[in-house]
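Below is one structure, written out as structure tokens; the observations come after it.
We use all heavy atoms of the structure for the numbers below, so side chains are in, but hydrogens, waters and symmetry mates are not. We're numbering straight along the sequence, starting at 1.
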Amino acid sequence: MSGLKWIFVFALTSVGNCQTRTVSYTGEKVLRCSGPAPYVDQAAELLGEPSVDVWAVRADGSIDVRVLRFYDQIKAQLEKFFKHCELIIPDVEEFIRSMEAEGRDEAVNGSLAWFDEYHSYAEILLWYQELSDNYPRLVKYEVIGESLDGREMPAIRIGAGPEGEKEKIYFQCQIHAREWISGAVCMYVVDYLVSSYGEVEQVTNFLEKLEVLVVPFVNPDGYEYTWNTDRMWRKNRAVNGGSSCRGVDLNRNYNDHWNEGGSSSNPCSETYHGPSAESEPETRVVTNFFRNNAPIIGAIDWHSFSQLILRPYGWTNTNSPDESKLRELGDLMSSRAYDVHGKQYTSQKSIGLYPTSGTASDWFYGDDATSGNFGYRAAGFTIELRDTGFYGFLLPADQIIPNGEEMVAAVQTFIEFCMDHPLHA
């Protein structure tokens, strides 16, 4: 890779990468339950309980769930819906401590390159600012709004060639706070695109014909909270009236079939959809930015984990009007990612996994975003990154680069396909 990884890495590593979490997970366990679909749908009420945190749902119908309390009772209830449940992490606290210790050991034992470790919110902002300063004709850094707690929400514009209205590709990262690999892979993809301009013909062609927009943090408050308090935090940090439980799941808060299944009205749930569509400032910031930058022909929301490439819809079993093209694109991205390191990314409709509503990727493609998109309908995807459950949300930093390499291959296919086969409303 380029020297972007680089210039201030020694200054940053001496200041950052120091987690100070205060939440303990002692007594919490993770179960893996298997059984053919539609057991996940049948168990939806149980899986929405505050004592259960769904970590992963796979295409084969198996799930990983973190049980915060009432382990014996929860396991017995899950076994009514699933053929088999096994304990895969007997002590979440011990597992997290082992991962934290591994990261500290790597930092102490050698000078790490930028993509050899995860970085704090402040470090990532500085990385993008330096990128813009070093490539002023190719990269622009701008603040598009603030989070609930007043943290900057930046966007990055990458493009060359003559100025003027161009078609755009949109990427967003870190909507779920604990999914650290999301933001890391976004940086890796940005690094590749910028460093490849003028060196790789395909990338040079992309960036001279269109503009790539990247929102590094949809949920900066939640991400910061995972560094200093609760590593497993998912939602934003909203105060919910009438409840002691905080946070809204921003990926259930979009104005696309909001509250039509696959989300919760319980503020204590990990999938709490908020009091109304776009109730959260973070959701409004990114949707306004999207609307103000039409036309956008393709958009990806990066998550972890399970290695999935998910296309619309999540709220209905009905095929989208562009199902054949979206399926072709998802399958192509899966194939390109597999070619890099032999990792399988399952390409499927979102609802084939489980029902969801009010999600970012359905909104990208849906009527609300399309109404102001100059006659285009953005090809909207959710990509669930590595792994398939061994590490889950605690993916070691040594997987950032190989995961990034897989996504570089998928992204190039995504951009090329969207340019050659734009979807029209």
Side-chain angles (χ1 to χ4, degrees), residues 37-55 57 63 65 147-148 172 175-179 218-219 221-222 233-291 299 301 303 308 310-321 348-372 377-378 380-382 384:
Y39 290 172
V40 173
D41 290 349
Q42 294 172 5
E45 184 175 351
L46 173 61
L47 297 176
E49 289 291 320
S51 56
V52 175
D53 176 15
V54 179
W55 276 21
V57 180
I63 65 169
V65 293
S147 67
L148 182 68
Q172 69 176 37
I175 193 171
H176 286 152
R178 62 192 177 189
E179 300 168 9
V218 180
N219 185 9
D221 297 343
W233 191 259
R234 168 184 167 102
K235 302 183 284 183
N236 77 347
R237 294 293 298 154
V239 175
N240 297 313
S243 174
S244 61
C245 297
R246 294 188 64 167
V248 169
D249 182 352
L250 298 175
N251 202 37
R252 301 294 187 276
N253 191 237
Y254 282 75
N255 186 25
D256 187 87
H257 297 273
W258 178 83
N259 190 22
E260 291 187 16
S263 64
S264 176
S265 59
N266 182 349
C268 297
S269 170
E270 295 287 6
T271 58
Y272 175 51
H273 49 51
S276 61
E278 290 192 18
S279 61
E280 304 310 294
E282 297 90 349
T283 315
R284 294 194 297 273
V285 167
V286 294
T287 54
N288 286 338
F289 180 72
F290 190 102
R291 293 185 185 102
D301 184 28
H303 290 253
L308 301 167
L310 303 175
R311 62 184 183 272
Y313 294 117
W315 57 273
T316 178
N317 282 301
T318 302
N319 285 340
S320 72
Q348 65 180 78
K349 291 197 296 184
S350 292
I351 200 167
L353 196 63
Y354 53 82
T356 56
S357 61
T359 63
S361 56
D362 273 358
W363 183 84
F364 298 153
Y365 178 80
D367 291 341
D368 187 54
T370 299
S371 63
R377 192 179 287 277
F381 281 83
T382 296
E384 299 278 359

Please name all residues satisfying side chain to side chain donor-acceptor pair (under 3.5 Å) with [X], sequence neighbours left out, ordered by chain then number.
X: Thr318; result: Thr316
X: Asn255; result: none
X: Asn251; result: none
X: Tyr365; result: Asp322

Backbone N/O of Gly261 and side chain of Ser357: donor-acceptor pair under 3.5 Å | yes
Can you name the ring pair (Phe, Tyr, Trp, His ring centres under 6.0 Å) partners of Trp315, sequence neighbours left out?
-> His257, Tyr313
Residues at least two apart in sequence or cross-chain that pass ring pair (Phe, Tyr, Trp, His ring centres under 6.0 Å) with Tyr272, listed by chain then number, are none
Partner set under side chain to side chain contact (heavy atoms under 4.5 Å, CB included) for [X], not counting sequence neighbours:
X: Trp55; value: Val30, Asp53, Asp64, Arg66, Ile89, Arg178, Met232, Phe305, Phe393
X: Asn319; value: Glu323, Lys349
X: Ser243; value: Asn240, Cys245, Pro267, Cys268
X: Ser51; value: Glu49, Arg69, Phe70, Ile74

Heavy-atom pair with the smallest gap, counting every atom of [X] and [Y]:
X: Ser371; Y: Asp368; answer: OG-O, 2.7 Å
X: Val248; Y: Ala238; answer: CG2-CB, 4.2 Å
X: Ala369; Y: Trp363; answer: CB-O, 3.1 Å
X: Phe364; Y: Ala299; answer: CD1-CB, 3.4 Å

Determine whether [X] and [Y] make a side-chain contact, defined as any pair of heavy atoms from C-beta on separated by less than 4.5 Å.
X: Gln348; Y: Leu353; answer: yes
X: Val286; Y: Tyr254; answer: yes
X: Thr271; Y: His273; answer: no
X: Ile175; Y: His303; answer: yes

d(Asp301 CG, Thr382 OG1) to nearest 0.5 Å is 5.0 Å
Using only heavy-atom distances, determine whether the side chains of Thr283 and Asn253 contain a donor-acceptor pair under 3.5 Å.
-> yes
SB check Asp367 Arg377 (cutoff 4.0 Å) | yes
Salt bridge (charged side-chain N to carboxylate O under 4.0 Å, His left out) pairs touching residues 240-269, sequence neighbours excluded, are Arg234-Asp249, Asp249-Arg252
What pairs of residues pass the salt bridge (charged side-chain N to carboxylate O under 4.0 Å, His left out) test when at least one of them lies in residues 277-288, not counting sequence neighbours?
-> Glu278-Arg291
Name of the residue among Asn219, Asp221, Asn236 meeting side chain to side chain donor-acceptor pair (under 3.5 Å) with Ser147 = Asp221
